[in-house]
*Asks:* 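The structure follows.
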Amino acid sequence: MKHKNNQNNETTQNIVKNSTNNLLQQNALYTIIAIFFGFVVGGIFLWSAGFSPFEAYMKLFSSVFSRPKYLIWSVIYATPLIFTGLSVAFSYKMGVFNIGAEGQFVVGSLAALCVGILVDLPPLLHVTLCILAAFAAGMIWSFLVAVLRVRFGINEVLSFIMFNWIAFYLSNYIVNTESIHKAGGGEASKDIRESARILLPQSVQNILKNDKANYGIFLAIIAAVAIWFILTKTTLGYRVLAVGLNPHAARYGGINSNRTMYIAMSLSGALAALGGAVQLMGNSMRISQFAGQEGYGFQGITVALIASSHPIGCIFAGLFYGAMKYGGSKLNLIDAPTEVIDIIMGTIVLFIAISHVFRYLITKRLQKKEGK
């Protein structure tokens, strides 16, 4: 009987040990730790600047959750970030750092703008054509970088950075052309036609008390599920993951690495471009002349990091970042600096980047306890 009890105790201990080890390997745990430290560091900066962290954070959260229309605004802010996060996450699965999501976002919005202004079609066809134009523009933009890498061995990070600036100035040039520029002056394009917008019906907007509520979040969720399906259920996803883990081994196993690179990088660019189209068609309705890069693509890198490059995780990470952006914009109502949001998000990224250090320290501590 005693021997049986000892066996049961050992079995229980092994189960607890395995559960603990599995928990320590979960990226979500370290993401939660990183978010916690992000708010702690943000609170320290607020306190050092003479503001109450408690009051600021209460304002931050009440600006998101106190009214339905605030939640809708948070979702609107989050939608383009989910797309750019998916773009970065998908390319990272293949071992490519897509720092060019910013440029892809811009050309996507630009393509949708041109179709939305110059073409006159029934609403469903018009919206579809705008989305297809953005999709194609993003694919081509990223495909060119893939060609430079595969054919000429040019590092994609350098190419993406240059293409970001090309997209930036190309957008300013097109916005100021006669057929696109807003009549009567102003540093912006014309508004896209009503038929090119993806706003929810007026009755729904009235219920939500938000005139910019749109279908974008549904498109983002569909895109995230589609990318998850591609990565986990298709041969393309298998090839992408294989090339990302070891391109030489993948090539030895019969996978055409170059072809996979072309397809995956093009699809990555298309995702970021869809973010630009959705932002245009569901929120801004026009493109202003840029004085500086807007940052949607770079914020997508943060979303992908928080999500650990998981497509479904990008939905929740994007919603979190969107809520932080919208809620943080209300901090000026209590005279607190809105820049604290950048500090919090930067700290989160930093702690996620060094999460392997936490994993190592916690694992060593547990091993030491077991040794005793």
Side-chain angles (χ1 to χ4, degrees), residues 22-36 38 64 71-72 74-98 101 104-105 108 131 135 138 214-245 263-279 282 296-326 345 348-349 351-353 355 359:
N22 290 335
L23 179 62
L24 293 176
Q25 297 305 316
Q26 295 296 320
N27 290 327
L29 172 64
Y30 299 98
T31 300
I32 293 171
I33 293 173
I35 291 173
F36 170 76
V64 176
L71 279 172
I72 299 302
S74 297
V75 171
I76 293 170
Y77 273 57
T79 302
L81 301 181
I82 295 173
F83 277 107
T84 54
L86 282 171
S87 173
V88 175
F90 185 71
S91 64
Y92 185 73
K93 291 289 186 182
M94 193 184 49
V96 173
F97 180 39
N98 185 10
Q104 296 149 18
F105 181 95
I131 290 175
F135 192 91
N214 61 74
Y215 292 105
I217 186 62
F218 303 108
L219 297 176
I221 292 172
I222 291 170
V225 173
I227 295 301
W228 170 83
F229 183 84
I230 289 171
L231 287 173
T232 59
K233 307 295 182 182
T234 67
T235 54
L236 172 61
Y238 176 81
R239 293 197 299 268
V240 167
L241 294 174
V243 172
L245 290 171
I263 295 173
M265 287 183 69
S266 298
L267 184 54
S268 174
L271 287 167
L274 287 177
V278 167
Q279 171 67 8
Y296 286 102
F298 302 119
Q299 290 162 4
I301 297 172
T302 302
V303 170
L305 282 171
I306 294 174
S308 299
S309 296
H310 194 289
I312 304 303
C314 286
I315 298 173
F316 299 101
L319 290 171
F320 170 70
Y321 202 161
M324 292 291 288
K325 282 185 67 177
Y326 178 71
M345 300 308 296
I348 291 172
V349 170
F351 277 96
I352 289 175
S355 61
R359 187 179 286 111

*Asks:* Under the side chain to side chain contact (heavy atoms under 4.5 Å, CB included) criterion, do Tyr92 and Asn98 qualify, and how do the steps go?
*Replies:* CA-CA 7 Å; Tyr92 185 73; Asn98 185 10; over 6 Å; no
*Asks:* What I'd like to find out is whether the side chain of Ile306 reaches to under 4.5 Å of the side chain of Phe316, using heavy atoms alone.
*Replies:*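 Of all side-chain heavy-atom pairs linking Phe316 with Ile306, none is under 4.5 Å.
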*Asks:* Enter the distance from Leu274:CG to Gln104:CD here, rounded to the nearest 0.5 Å.
*Replies:*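 Result: 11.0 Å between the selected atoms.
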*Asks:* Just how far is it from atom CZ of Phe135 to atom CG of Leu267, taken to the nearest 0.5 Å?
*Replies:*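 Reported value, rounded in 0.5 Å steps: 5.5 Å.
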*Asks:* Taking only residues two or more places apart in sequence, or in another chain, which ones meet Tyr321 in a side-chain hydrogen bond (donor to acceptor under 3.5 Å, both in side chains)?
*Replies:*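 Scan of Tyr321 (side-chain hydrogen bond (donor to acceptor under 3.5 Å, both in side chains), adjacent residues dropped) gives none.
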*Asks:* The criterion is side chain to side chain contact (heavy atoms under 4.5 Å, CB included); which residues satisfy it with Ala78, sequence neighbours excluded?
*Replies:*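 Partners of Ala78 under the side chain to side chain contact (heavy atoms under 4.5 Å, CB included) test: Leu319.
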*Asks:* Let me confirm one number: the CD1-CD distance from Ile301 to Gln299, rounded to the nearest 0.5 Å.
*Replies:*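 With rounding to 0.5 Å, CD1 (Ile301) is 10.0 Å from CD (Gln299).
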*Asks:* For residues Gly275 and Pro80, report the shortest heavy-atom separation together with the two atoms involved.
*Replies:*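 What the structure gives for the nearest pair is O-CB, 3.8 Å.
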*Asks:* Mark yes or no for whether Thr84, through its side chain, and Tyr296, through its backbone, hold a donor-acceptor pair below 3.5 Å.
*Replies:*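 Present.
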*Asks:* Nearest 0.5 Å, what's the CE-CD1 distance between Met345 and Ile348?
*Replies:*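 Separation between the atoms: 4.5 Å.
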*Asks:* Minimum heavy-atom separation for Ala304 and Cys314, please, with both atom names.
*Replies:*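 Looks like CA-SG, 4.5 Å.
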*Asks:* From Leu86 CG over to Ile312 CD1, what is the distance, rounded to the nearest 0.5 angstrom?
*Replies:*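 Separation between the atoms: 8.5 Å.
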*Asks:* By ring-ring contact (aromatic ring centres under 6.0 Å, His included), which residues pair with Tyr77, not counting sequence neighbours?
*Replies:*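 By the ring-ring contact (aromatic ring centres under 6.0 Å, His included) rule, Tyr77 matches Tyr326.
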*Asks:* Output all residues satisfying ring-ring contact (aromatic ring centres under 6.0 Å, His included) with Phe83, sequence neighbours left out; order by chain, then residue number.
*Replies:*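 Here no residue qualifies.
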*Asks:* Of all heavy-atom pairs between Lys93 and Ser309, which one has the smallest distance, and what is that distance?
*Replies:*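 Heavy atoms only, the tightest pair is CE-O, 3.0 Å.
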*Asks:* Search all heavy atoms of Ala264 against all heavy atoms of Val240 and return the closest pair with its distance.
*Replies:*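 Scanning both residues completely, I find the closest heavy atoms to be CB-CG2, 3.9 Å.
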*Asks:* I'd like to check the side-chain hydrogen bond (donor to acceptor under 3.5 Å, both in side chains) partners of Ser91; sequence neighbours left out, ordered by chain and number.
*Replies:*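 Checked Ser91 against side-chain hydrogen bond (donor to acceptor under 3.5 Å, both in side chains); zero matches.
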*Asks:* When rounded to the nearest 0.5 angstrom, what is the spacing between OG1 in Thr31 and CZ in Phe36?
*Replies:*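 Going from OG1 on Thr31 over to CZ on Phe36, the span is 15.0 Å.
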*Asks:* Can you give the donor-acceptor pairs under 3.5 Å from side chains of residues 214-238 to other protein atoms, not counting sequence neighbours?
*Replies:*
| unit_1 | atom_1 | unit_2 | atom_2 | d |
| --- | --- | --- | --- | --- |
| Asn214 | OD1 | Gly216 | N | 2.7 |
| Asn214 | ND2 | Lys212 | O | 2.9 |
| Asn214 | ND2 | Gly282 | O | 3.0 |
| Thr232 | OG1 | Trp228 | O | 2.7 |
| Thr234 | OG1 | Ile230 | O | 2.4 |
| Thr234 | OG1 | Gly237 | N | 3.1 |

*Asks:* Can you name the nearest heavy-atom pair linking Ala323 to Val64, along with the distance?
*Replies:*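 For Ala323 and Val64, the tightest heavy-atom pair comes out as O-CG2, 3.4 Å.
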*Asks:* Of all heavy-atom pairs between Ile82 and Gly318, which one has the smallest distance, and what is that distance?
*Replies:*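 So the minimum-distance heavy-atom pair works out to CG1-CA, 3.9 Å.
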